[in-house]
Amino acid sequence: MEQFIAFGIVGLSTAAIYAIIGSGLVLTFTTTGVFNFAHGAAGMMSAFVYWQFTVGWGVPTPIAVALVLLVFAPLFGLAFAQALAPTQGLGDAEKLVMTVALLSGLMLTARWIWNPDVARTLPRFFADQRPLHLGSVTITWHQALTMAVAVVVAVALRILLYRTRTGAEMRATVDDRALVGLTGADPQRANRVAWMLGIELAAVGGILIAPMVALDAAQLSLLIVSAYSAAIFGRLRSLPMTFLGAIVVGCLESYLTGYLPQNEYLPGLRLAAPALLLLVALLLFPHGRLRGRDRRLSPVPLPTVRGSAVFAVVVAVVGVMLATLLSESDLITYGLIFAFGVIALSFVPLAGFAGQISLCQLSIAGIGAVAYAHLGADGQWWALLAAMVIAGAVGALIALPALRLSGVYLALGTAAFAVVLDRWIFTLPSFEVFGVRIALFDQGSVDLVGPSLFGLRLTSTAQITVFAAVVLGLAGFGVAMLRRSRFGRRLIALRDSEAAYATLGGNLLAAKMLVFSLSAAIAGLGGALYGMQLRSVTAEQFGFVAGLPIFLIVVIAGLGAVGSGLFTGAVYSGPLNAIPVLFPALTNLVHVLPALGGIAFSGGFLGQGALAHMRREWSAALRDRVALTVLIGGLALLWALRVGEVVNGYVFTAGALIAAIVVPRWANRRHRPPVPEQVPVEWLGIERPWTAADKEVLDRGIAARS
């Protein structure tokens, strides 16, 4: 019994922190309509800043706490309000992208500033004081302080929301922002106050929990998953229910730690328990209609058959060029363009066509890699198809809960699924199910080899690179044809309105299961190609955090564009790898670029995506046979010179970049409509021949002067 009470005290202490963080999450969501995925990252940054003050610079603890909570956190909250203000009138996807970009960017920034290879710890508050003894139960002063702070936060929020004018403004903003403005209140001010308070609560939670765990950017940021569960208990709007949910989550975690049997299969379950709880809460609790549903949907391009076929050939040719130009080591790095391209392409039918937001595509790619590694150990070609089928079956499994989830809730569910795979399933040792032995990564790595096709065994990295390029071209062509098909049009209708789709006779269950399965199968294929290129992969390479930059780059490219696969692969494996090699000082900055791009996209700087802009720039060049011939001929000449070792790789790269910049501009200039010659009215018919339209111009000129 003593042990049970002791674990209960630990659970209540942890629950108090979840309640503080979760209440900040609910406060910002209910007031601004933005579900802040970066809420935990804000607490993480506050914890690191607190460590810098106290341990790094030796500032006394009370002063450090005051600096963090009274200076850093409010300013950080204002920065969040400023960054997210442009998304206020946008849909769920844009808001989600912005907060995911902030989450990714803050984690990378923290690793940039504070070297992750250096261990950092924080002392607990009042660690030198003797603990309190209540009967047989011992409570540390840190635990007591944590629970007391949670009570103070609950009382203060109650007073603020129901006893002050600011609280009334915030609650009124939740109901109707336009009406609040008519009554003389300021919704923008209410939003700023909400962001400052929300980030303040995240900072309090971060400072309190940091001494209890390792000071790691990813670990601290993902602790928010437990706070998500608490917030979902409160249906993202009820603070008392959020506190109750926090108690359930905190105590359950504590008792799992204390009473879960010691078993080699269960350590990961303890780590994944918050994500499992989040999944259960999402499925069991009713959800209110999300405010600010996406009505400003971006158009989905309709690719032509001929253009799609040409694009597929171009992708294959690029693969051949890379295979003949790059060394073995460079191919391992830059040849991943096509594998990442296939994984990124899996977002297009799911999120681009059907509007289903998923944050677990890289995790599903890991399932495809594992399946191919075990089934195709000797290069069996059919193992690729089997890997796609297995990954597709997992996608269908995800589609079942997705039936009652949408928008932010679906994103939360897929993120929780990715965390469960990352922390538990991928870490399991081999096991048996109905006599069938199943091994995933087996707490290590798995080896992958190239397939045997038509009697040819793909063994070299160059062969696998060309194969991956051909697969990306074919997959892209298939997705383009899907967009043109009847099912593709149905998916667009599903994205526009699920209710209207069902009303018109569409089967939501079948449509969602099909698109989730198709998307997961493509991701699984990409995971297998990724593993072949590297020859050996581990579970860490398919983690939830690793998948965030891919999601961001796909969104930047344009979710509905088939070319976003190649674009994402090229950006993720090209400049992000090449720039640190050429300019080592920019290594950390390069890793933050996807997050900055996501912020720019949500801020409206990229419009409908980078590919839409590129399509406009290249449209004239692609229609101009002369320009196209010059471009293809120039690239072919450069390729031949490089293969013949007449020029080096730098000259080839510089020449290709110059051609890519100059040819579109030249073509646009060739097709620019001529500007009509401006002739003064009194010189019409003298400086140039008289035309019928000149009479109207002359009449207007006379009338204007009179």
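Numbering starts at 1 and runs along the sequence shown. What's counted below: heavy atoms across the whole structure, side chains too, no hydrogens, waters or symmetry copies.
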Tell me if the centroids of the rings in Tyr50 and Phe72 come within less than 6.0 Å of each other. no
Just by modelled atom types, is the [Y] backbone N or O under 3.5 Å from a matching donor or acceptor in the [X] side chain?
| X | Y | answer |
| --- | --- | --- |
| Gln129 | Phe126 | no |
| Ser23 | Ile20 | yes |
| His142 | Phe125 | yes |
| Thr28 | Gly24 | yes |
| Thr414 | Leu410 | yes |

Among Leu25, Leu548, Leu412, Leu102, which residue meets the side-chain contact (heavy atoms from CB on, under 4.5 Å) test with Phe37? Leu412
Above 12 or not: heavy atoms from other molecules or residues under 6.0 Å from CH2 of Trp141? no
Please check if any side-chain donor atom of Gln143 sits under 3.5 Å from a side-chain acceptor atom of Thr146, or the reverse. no
Could you verify whether a donor N or O on one side chain and an acceptor N or O on the other, from Gln82 and Trp195, lie under 3.5 Å apart? no
Does some side-chain heavy atom of Phe542 sit less than 4.5 Å from a side-chain heavy atom of Ser363? no
Taking the side chain as every heavy atom from C-beta outward, state whether Met212 and Ile17 have any pair of such atoms under 4.5 Å apart. yes
